[in-house]
Amino acid sequence: MLIIKLLAIITLIYWIVMLMDTIRARKSMLHLPHAPEGIASMSAAGKKPEGLAADKQELPLVSVIIAAKEEEASITETVKHLLNQTYPRLEIIAVNDRSQDGTGRKLEELRKWSEGRRHIAVPLTVIHVTSLPGGWLGKNHALYQGYKQARGQYILFTDADVLFEPNTVTDAVHFMKQHDVDHLALAPDMAVSGFWLRAFVAYFFFTLSLYVRPWRANVDTQHKHGMGVGAFNMLTRRAYEQIGTHKAFALRPDDDLVLGMRVKQAQLRQRLASGKDHIAVEWYTSLKEAVRGLEKNLFSGFHYRIGLAAAAVAGQLALFLFPFIAVFAVGGWPRWIYALSIPVMLFVYFRLVRSLTSFSGREASAFPLTVCLLSYIVVRSVWLTLRQDGIYWRGTFYSLDELRKMQR
């Protein structure tokens with residue numbers, strides 16, 4: 001019983017520390033503001049808004065780069081949303097990464113369609129990648145190919161299933177110039193259907209936040225912890241080149257997170273903000289799809305280290321799940337310690353989930369089950385990677401040896 005008593009004390013201390021950290025983090029959490037009234041309309045009219053370019057120079061060209069592989073279901077809507085941006089100096093580079101479906105055909109149709117519309121002045125370039133060179137993951141290679149064609153002073157990397165509000169790029173550029181930001185990452189609104197998928201997505205981002213503590217990206221005095229978001233990573237060209245471009249992390253499945261880390265390590269100015277009013281993405285369409293998707297590459301988040309993954313699973317079960325069991329199965333004062341830990345834990349959960357998503361918070365009723373599910377996914381991800389001696393990513397196999405080399 002000594003272990004139970006010690007674990008009870010450790011659990012309460014852990015959640016009190018997380019509570020204090022979450023409360024402190026509130027002032028570091030940002031929401032992308034809308035540009036001052038009038039700037040968006042001036043941008044849409046092709047005028048030079050002084051609030052966006054206070055030095056009276058020409059507005060910076062923004063190059064939007066999208067990597068698309070088997071994305072025929074979503075690519076048309078994503079590109080059309082980008083073509084309707086109010087920002088006047090924009091180019092879109094869509095990279096068809098060896099797609100076997102109709103992605104390439106739809107992109108070519110979009111390019112011809114946009115060229116025939118007078119009200120659309122945004123150039124759309126389509127690149128077709130037909131082969132993947134060694135030493136690259138497909139998405140990273142595709143984004144890098146897009147960069148090589150880009151002319152912009154600002155580069156926006158985004159995914160092929162992200163929907164943009166019309167003023168998103170205008171608001172982002174205004175914010176970056178106003179605050180002298182080198183890299184802006186936006187957390188999207190998660191469009192999730194079904195209670196169980198919402199519950200799992202909420203819990204996943206809750207644990208991810210506790211693990212990486214994304215708000216540290218906004219602390220300029222530290223240069224160890226950074227954050228990137230695949231749906232929206234906007235950098236100055238200088239910053240992107242300074243961190244070595246995607247060539248520096250060519251074999252990382254978690255390229256968006258690594259990009260953010262490298263920005264911080266280069267001592268550049270980074271901001272992470274909620275973009276719930278600006279961008280939206282449907283991460284997965286079903287719980288089964290989420291499980292299958294995460295088990296492919298979740299091991300990479302632990303740097304392919306078995307001990308680190310095992311510690312994460314053990315920590316989840318001990319600190320997140322066991323308190324719910326202990327209030328029924330444990331007697332004496334440890335039961336009351338665990339009982340006190342649960343509301344603290346759920347308060348932290350509500351704080352983080354509501355700040356990261358537009359979910360109601362009712363998903364907390366499935367908390368113990370989502371703990372078990374994510375633990376299962378981590379274990380299965382490790383097992384699949386070791387059994388295959390690597391991972392299949394976007395139709396290509398990568399050996400564990402080459403993946404581990406890129407982690408160093």
Side-chain angles (χ1 to χ4, degrees), residues 62-83 90-116 120 122-152 155-162 228 230-233 235 237 240-241 243-256 258-259 281 289 292-293 296-297 300 385 388-403 405-406:
V62 176
S63 299
V64 183
I65 302 175
I66 312 167
K69 182 173 174 60
E70 271 81 60
E71 300 282 2
E72 67 174 334
S74 60
I75 190 63
T76 298
E77 196 170 6
T78 293
V79 173
K80 283 188 174 181
H81 272 243
L82 287 167
L83 289 170
L90 194 70
E91 66 173 6
I92 302 171
I93 302 172
V95 186
N96 172 29
D97 179 23
R98 302 164 293 137
S99 297
Q100 299 299 309
D101 63 0
T103 299
R105 173 180 53 80
K106 288 203 169 187
L107 284 173
E108 289 296 341
E109 290 173 353
L110 279 166
R111 181 179 60 78
K112 293 176 182 177
W113 173 84
S114 65
E115 290 173 350
I120 296 178
V122 180
L124 172 60
T125 301
V126 179
I127 300 173
H128 297 281
V129 174
T130 57
S131 61
L132 180 65
W136 282 94
L137 258 69
K139 178 187 174 185
N140 297 344
H141 176 256
L143 293 176
Y144 180 68
Q145 295 306 308
Y147 152 74
K148 292 202 298 184
Q149 297 293 320
R151 300 176 294 116
I155 298 174
L156 169 58
F157 295 110
T158 187
D159 293 331
D161 56 355
V162 181
F232 194 102
N233 274 320
L235 307 89
R237 175 180 286 270
Y240 180 60
E241 293 172 349
I243 66 172
T245 74
H246 276 81
K247 289 176 68 175
F249 41 96
L251 280 171
R252 291 294 294 263
D254 53 346
D255 61 290
D256 48 353
V258 178
L259 182 149
V281 61
E289 184 183 329
R292 292 288 173 83
K296 291 180 182 179
N297 71 326
S300 68
T385 305
Q388 298 168 165
D389 196 31
I391 64 171
Y392 285 94
W393 189 250
R394 291 178 175 244
T396 304
F397 180 77
Y398 302 91
S399 73
L400 191 54
D401 284 342
E402 61 180 333
L403 290 169
K405 286 178 183 177
M406 186 54 72

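Numbering of residues begins at 1 and proceeds along the displayed sequence.
For the pair Pro253/Leu137, a side-chain contact is recorded, criterion being any heavy-atom separation below 4.5 Å from C-beta on. Contact annotation: the side chain of Thr396 approaches that of Leu132 to within less than 4.5 Å [non-hydrogen atoms, C-beta and beyond]. Looking at heavy atoms from C-beta onward, Thr158 lies out of side-chain contact with Thr78 at the 4.5 angstrom threshold.
Distance alone, capped at 3.5 Å, is enough to place a donor-acceptor pair between the Glu70 side chain and the Gln100 backbone.
Asn96 is linked by a side chain to side chain donor-acceptor pair (under 3.5 Å) to Ser99, His128, counting only residues two or more places apart in sequence or in another chain. The ring pair (Phe, Tyr, Trp, His ring centres under 6.0 Å) check on His81 picks up nothing, with sequence neighbours excluded. Looking at residues two or more places apart in sequence or on another chain, you find a side chain to side chain contact (heavy atoms under 4.5 Å, CB included) between Ala160 and Ile66, Ala68, Glu71, Ile75. Partners of Glu91 according to the side chain to side chain contact (heavy atoms under 4.5 Å, CB included) rule, which considers only residues two or more places apart in sequence or in another chain, are Leu61, Ser63, Ile93, Pro123, Ala150, Arg151. Remark: Thr76 engages no residue in a side chain to side chain donor-acceptor pair (under 3.5 Å) (not counting sequence neighbours). Listed by chain and residue number, Tyr284, Thr285, Ser286 satisfy the side chain to side chain contact (heavy atoms under 4.5 Å, CB included) test with Glu289 (two or more places apart in sequence, or in another chain). Contacts of Gln149 classified as side chain to side chain donor-acceptor pair (under 3.5 Å), with partners at least two apart in sequence or in another chain: none. Taking Ala250 as the reference, Trp136, Met406 meet the side chain to side chain contact (heavy atoms under 4.5 Å, CB included) condition, with sequence neighbours excluded. For Asp159, the salt bridge (Lys or Arg N to Asp or Glu O under 4.0 Å) test picks out Lys139, with sequence neighbours left out. Residues that satisfy the salt bridge (Lys or Arg N to Asp or Glu O under 4.0 Å) test with Glu241, not counting sequence neighbours, are Arg237. The ring pair (Phe, Tyr, Trp, His ring centres under 6.0 Å) search around Phe249 returns His246, not counting sequence neighbours. Partners of Arg111 under the side chain to side chain donor-acceptor pair (under 3.5 Å) rule, at least two apart in sequence or in another chain, are Glu108, Glu115.
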